[in-house]
Structure formats: C-alpha cells, structure tokens
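Shown next, in structure tokens, is the structure this report addresses.
Since this is a predicted model, take the numbers as computed values, not measurements. What you see below is based on every heavy atom in this structure, not just the backbone, and it leaves out hydrogens, waters and symmetry mates.
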Amino acid sequence: MAEDDSPKNPEDEFRDMLRDILSGKEGVDASKLAGAAGLPTDPVSMANLMRQMQAAMNARGEGIDWNVATEQAKSIALSTVKPVTAIQRAEIDQAFHVASLWLGDATAISELAQSPELITRLEWIEQTMPFWTELAAPVATSIADALTTVLTDQAPEEMKGMIAGASQMMKQIGGSLFAMQLGQVVGQLSSEVVSGGDAGIPLLEEGRAALLPQNMDEFGDGLDIPMDQVHLYLAVRELAHARLFRHARWLRLNLISAMHDFARGISIDLSRLEDIAGNFDPQNPEELRDALANGALIPPKSEEQLAALARLETQLALIEGWVDVVTATATTRLPRADAI
C-alpha cells in the first residue's frame, strides 16, 4: 500500500515538532528552558511542566487556562501547609473580638457584615487567585502575541506556513507558561503573607477579612513578643483594612482601574526579542533568563502608564497611611505595638 503523500496539517506538524523538542529529541534540554522562565527544574516540577505543555498543545479554547496558575501555586504550598488548629482558632477568634472593640473607639467606620476567617496557605491561594489572574490577563495576552509575531518573522521561509497555521497553539503554550510563572510567584507569596490585606491591595472579596495562623506564628517567632499581642495587632490591622474597603466601595474599583491601565500598557520590545531569538542557544539560556529578570524586553513606560502608576502609588500610600494611623490609635493599650 502506497504511503500517504497528502500534506500534513501545519498545526499537527508544529505540535509534533514541539513535542519532540520538549521531550529532548531535538537536542533541547527542557529543564534549561524551564530555568530560563524562572520555573523549578526538579523532576516533579518538570513532569508537571510537560503535562501542562501537552494540555496547552491539545487545547481548543481561545483564552488562557488560569487553573494552571492555581495548580502551580498549590504545588509549591502543599509541602509546607499546616491546618488551622483548634487552639489557634480559639486564640485568634478572641483577638478578632477584642480588635473589633478597639477599632470601634478608633474609627467611625462600621463593623464588617461577615465574620473574619482563619485560612491556610492553600485557601489563601484559592481565594486570591481570581484577583491575580484579573491583573495578569492583559500582560499575558501581550506577551503571547509578541512571541508569536517574533517567531513567525524569525522562522526560516519553509517553516513560516507551519508557524502561522499553529499561531493559536503557540499563544496557548505561551499563556500556559505565563500562568505557571504567575502560580510560582503566588505560591511563594502564600508562605509570606499574614492576612488578606497584607499585600496592600484588596486581594479578597469586598468586606472580607482573613488571617493565616501558620504565617502569623512564623512571623511572631523571631520577635520576642508574646504571641497573643502579635495576634491582636495583626487582627486590628486586617479588620481596619477590610473595613476601609467595605466603607469606600469605590476605592477597590479605583485601584483595579489604575492597575489595569498600567498593565494594558505593558508590551514587549520586539527588536530586543528578535535579537535574543536570533542568537538563542537552547543549551545556554542565560541571556533569555537575564532579559526576563531585568525587564530588558519591556520598553520604557508610556505617559499613560506613568500617570496610572502615579495614581496607583498615591492611592496605596493613602490606604496604608490610614490603616497605620487607625491601627496605632486602636492599639495604644497594647504594650509592644511599636515593636510589632
């Protein structure tokens, strides 16, 4: 029987070539590419990367699968997460009760409608990821589009048809890589933050307050201050932050708007990316890693971005200033408040 001479679908051909590259058949060490993207290169992480790339190659949707970010973040936090114990719950619930009374003397802003929560690192990832992905989406789209453009322009003539036919797949792969990088950052943050408002921006839904007992205890361990005082101080600060955003509902929308205005202006310096692509050695990806780390691929900020950044910085400074003042006023009866 004669061999089938019909032309292959360009998308299938590109998928096969990319699968060969990722599996090492083309002499490319996938772990070095992962390292260049700032992703972990241990065997478990590499297996996860390969699985996500395979899923991206086979995806048929238009958008980025942000579940990849959640999975990556959880894989980082899972090995260290500890459940909230009954003792922690009793002690911190009491701290929330006292903090609410003290705040009543420090501000006229009313109490929250929902009770504050105690959450684990995994729960913090789940509850804050919608906010992170909302901020990241414009950047991810810009980067994926730029990479597709450069690869198409730089490809040899005989490969341009293949790449053009697989442009949607390339965007899916680029988006998945970006989502994994976002998950890496959020996963690392989950071991550092002590509350929902700790990052200074409203990560949780409006009117919600939450503390992470595991991180609070690690934060307080090196302070040589009684842990009940640490719990009380952090409870006051978290409730003050949540009360402010519930009272001034426009504030959250204003912050998000400024962040979106800034993020939408982020683009890729195509000429710089073309230079790197033209000289890229997959066995020696340090130049790509350095360019990604130091922002060399991002052009100078536009006037619109600078204006959005100024608005954002001013708003964040005012928010933190208000929370600082209210917390200081509410904790005057706390002996070691200044030290905390």
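- Across every non-hydrogen atom of Glu192 and Asn215, the tightest pair is N-ND2, 3.8 Å.
- Side-chain atoms of Arg89 do not come within 3.5 Å of backbone N or O of Val84 as any donor-acceptor pair.
- Leu122 and Trp124 end up in different hydrophobic clusters when Ile, Leu, Val, Met, Phe, Trp and Tyr side chains are linked at under 4.5 Å.
- Under the side chain to side chain contact (heavy atoms under 4.5 Å, CB included) criterion, Gln229 pairs with Ile225, Pro226, Leu334, Pro335, Arg336, Ile340, not counting sequence neighbours.
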Practice prompt. Applying salt bridge (Lys or Arg N to Asp or Glu O under 4.0 Å), run through Arg252 and Glu206 and close with a yes or a no.
Written response: CA-CA 8 Å; Arg252 179 186 177 89; Glu206 178 188 291; over 6 Å; no
Item to complete: Show the numbers, then the answer: is there a side-chain contact (heavy atoms from CB on, under 4.5 Å) between Ser190 and Ile76?
Response: CA-CA 9 Å; Ser190 71; Ile76 295 171; 5.8 Å; no
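- Atom-to-atom distance recorded for Met216:CE and Leu211:CG is 4.5 Å, nearest 0.5 angstrom.
- Arg243 and Ser110 are not linked by any side-chain donor-acceptor pair at a separation below 3.5 angstrom, with hydrogens and angles left out of the test.
- Here the side chains of Trp102 and Thr107 are not in contact, with every heavy-atom distance at 4.5 Å or above.
- A 4.5 Å side-chain heavy-atom check between Glu117 and Glu123 finds every atom pair outside the cut-off.
- Considering only residues two or more places apart in sequence or on other chains, Phe245 meets the ring-ring contact (aromatic ring centres under 6.0 Å, His included) condition with His241.
- Here CD1 of Ile319 is found 9.0 Å from CG of Asn254. Values are rounded to the nearest 0.5 Å.
- When every heavy atom of Ala99 is checked against every heavy atom of Leu232, the shortest pair comes out as N-CD1, 3.8 Å.
- Residues Leu203 and Phe219 are members of one and the same hydrophobic cluster, defined by side-chain heavy-atom contacts under 4.5 angstrom among Ile, Leu, Val, Met, Phe, Trp and Tyr.
- Neither side chain, Asp93 nor His231, offers a donor N or O lying under 3.5 Å from an acceptor on the other.
- The nearest pair of heavy atoms linking Gln214 to Thr80 is NE2-O, 2.8 Å.
- If you chain together hydrophobic residues whose side chains sit under 4.5 Å apart, Leu316 and Ile256 fall into the same group.
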Worksheet item: Does the pair Gln305 and Asp261 meet the rule for a side chain to side chain donor-acceptor pair (under 3.5 Å), with working shown?
Response: CA-CA 7 Å; Gln305 278 187 295; Asp261 289 344; over 6 Å; no
Fill in: Worked check of side-chain contact (heavy atoms from CB on, under 4.5 Å) between Leu255 and Trp250
CA-CA 9 Å; Leu255 274 176; Trp250 58 269; over 6 Å; no
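- A salt bridge (Lys or Arg N to Asp or Glu O under 4.0 Å) check over residues 219-241, counting only residues at least two apart or in different chains, returns the pairs Arg237-Glu320, Arg237-Asp324.
- Annotation: the span from Met129 atom CE to Glu71 atom CD amounts to 10.0 Å, rounded to 0.5 Å.
- Residues that satisfy the side chain to side chain contact (heavy atoms under 4.5 Å, CB included) test with Ala136, not counting sequence neighbours, are Trp66, Phe178, Leu182.
- Annotation: side chain of Phe96 is in contact with side chain of Leu118 (closest heavy-atom distance under 4.5 Å).
- Under the 4.5 Å side-chain heavy-atom criterion for grouping Ile, Leu, Val, Met, Phe, Trp and Tyr, Val325 is not connected to Tyr233 through any hydrophobic cluster.
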Fill in: side-chain contact (heavy atoms from CB on, under 4.5 Å) between Ile125 and Trp132, worked out
CA-CA 10 Å; Ile125 290 170; Trp132 295 120; over 6 Å; no
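- In plain terms, the two heavy atoms of Leu204 and Gly196 that are nearest each other are CD1-CA, 3.7 Å.
- When all heavy atoms of Ala258 and Leu312 are compared, the closest pair comes out as CB-CB, 4.2 Å.
- In the hydrophobic cluster analysis, where Ile, Leu, Val, Met, Phe, Trp and Tyr join through side-chain heavy atoms closer than 4.5 angstrom, Leu251 is grouped together with Phe262.
- Summarising the hydrophobic clusters (Ile, Leu, Val, Met, Phe, Trp, Tyr; side-chain heavy atoms under 4.5 Å, direct or chained), the residues clustered with Leu318 are none.
- Atom CD1 in Ile119 sits 4.5 Å away from atom CG in Leu212 (nearest 0.5 Å).
- Across all their heavy atoms, Ala209 and Leu239 have their closest contact at CB-CD2, 4.0 Å.
- The side chain to side chain donor-acceptor pair (under 3.5 Å) test applied to Asp198 returns no partner, not counting sequence neighbours.
- A heavy-atom distance below 4.5 Å is not found between the side chains of Met259 and Glu134.
- Taking CZ of Arg246 as the start and CD of Glu205 as the end, the distance is 14.0 Å to the nearest 0.5 Å.
- No donor-acceptor pair closer than 3.5 Å links the side chain of Ser257 to the backbone N or O of Leu253.
- In this structure, Glu126 and Lys74 have side chains that are in contact, with non-hydrogen atoms separated by less than 4.5 Å.
- Going from atom CD of Glu304 over to atom CG of Leu309 covers 13.0 Å, rounded to the nearest 0.5 Å.
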